[in-house]
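Here's the structure, in structure tokens; my notes come after.
Ligands are counted one by one from 1 in listed order, and the atoms in each one are counted from 1 as well. Fair warning: this is a prediction, and the values are worked out from it, not measured in the lab.
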Amino acid sequence: MADIQRTLVLLKPDALQRDLLGDIISRFERKGLKIAGLKLFQLSDEQLNVHYAHLSEKGFFADLKKFMMHTPVVGMVLEGIEAVAEVRKIVGSTNPREADAGTIRADFSMNVSSNLVHASDSVENAEAEVKRFFADDQIFAYQKITDQYIFG
Ligand code: IDP
Ligand code: MG
């Protein structure tokens, strides 16, 4: 049985400013990931303290939070077979200059502090992050005509 997972993606303010929202969303769509949730919203300092708690001791923490609040972000819940790892693969390494060509970060960005996308890094974190940013009634389970061709 396929391991169907949900994961959280945020399209950061640089993606919005650079008009890359459509291109980035398109890459996830083309993979066959199903959009279970999608919205534009403003991040708060409180949310970012939790979301980036693992970086709170870093010198760039304040700048990172400020950057993430420059504009609204696009939040997505993506669903698919082993979606957590697959989405991280499509997004690429944290430093865009070390990311593999063909990934979103390598193809569209150059700097670690403006690397366009957040994606959950483990199944456990994905579950917590989806809950952090999406209410139950903002997540949808539905059938697509292509499900049988994509999920097998
Ligand atoms: P990830 O986004 O690939 O999961 P994390 O280590 O969780 O990477 O870091 C979260 C975000 O913090 C990164 O995507 C990046 O925007 C920012 N960041 C990480 N390391 C640095 C750094 O050395 N300088 C500036 N920003 C950084
Ligand atoms: Mg991370």
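- The structure places CZ of R6 at 13.0 Å from OG of S120, a figure rounded to the nearest 0.5 Å.
- Taken together through direct or relayed side-chain contacts under 4.5 Å among Ile, Leu, Val, Met, Phe, Trp and Tyr, L78 and V117 form part of one hydrophobic cluster.
- Every atom of ligand 1 is numbered from 1 in the order shown, and the set under 4.0 Å from a heavy atom of H54 is 5 (P), 7 (O).
- Taking the six-membered ring for Trp and thresholds of 30 and 60 degrees, F41 and F133 have ring planes inclined between 30 and 60 degrees apart.
- With no hydrogens or angles considered, a side-chain donor-acceptor pair links H118 and E129 at under 3.5 Å.
- Only the side chain of R88 comes within contact range of ligand 1, with a heavy atom under 4.0 Å; no backbone atom does.
- Looking from atom 17 (C) of ligand 1 to the surrounding protein, the closest heavy atom is L64 CD1, 3.9 Å.
- Of the possible polar contacts, one joining the R18 side chain to the F108 backbone as a donor-acceptor pair under 3.5 Å is found.
- Heavy atoms of H51 found under 4.0 angstrom from ligand 1: none, in either backbone or side chain.
- For the 3.5 Å distance criterion, the side chains of S93 and E98 fail to qualify, holding no donor opposite an acceptor.
- For atom 15 (C) of ligand 1, the closest non-hydrogen atom on the protein side is V112 O, 3.2 Å.
- Contacts between L55 and ligand 1 below 4.0 angstrom, taking non-hydrogen atoms only, involve the side chain exclusively.
- At a heavy-atom distance under 4.0 Å, only side-chain atoms of K12, from C-beta outward, approach ligand 1.
- Among protein heavy atoms, atom 3 (O) of ligand 1 sits closest to T94 OG1, 2.5 Å.
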TODO: Determine, stepwise, if the pair M68 / L43 fulfils side chain to side chain contact (heavy atoms under 4.5 Å, CB included).
DONE: CA-CA 7 Å; M68 291 297 287; L43 287 165; 3.8 Å; yes

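- Residue contact check for ligand 1: R105 places a non-hydrogen atom closer than 4.0 Å to it.
- Distance from atom 19 (C) of ligand 1 to its nearest protein heavy atom, with residue and atom name: F60 CZ, 3.7 Å.
- Ligand-side atoms of ligand 1 in range of N115: 13 (C), 14 (O), 15 (C), 16 (O), range being under 4.0 angstrom from any heavy atom.
- Side-chain contact check for T146 versus F151: every heavy-atom pair is 4.5 Å or farther apart.
- Within the 4.0 Å heavy-atom criterion, neither part of D63 lies near ligand 1.
- A donor and an acceptor atom, one from each side chain of D136 and Q138, are nowhere located under 3.5 Å apart.
- Using a non-hydrogen distance threshold of 4.0 Å, Y52 registers as a contact of ligand 1.
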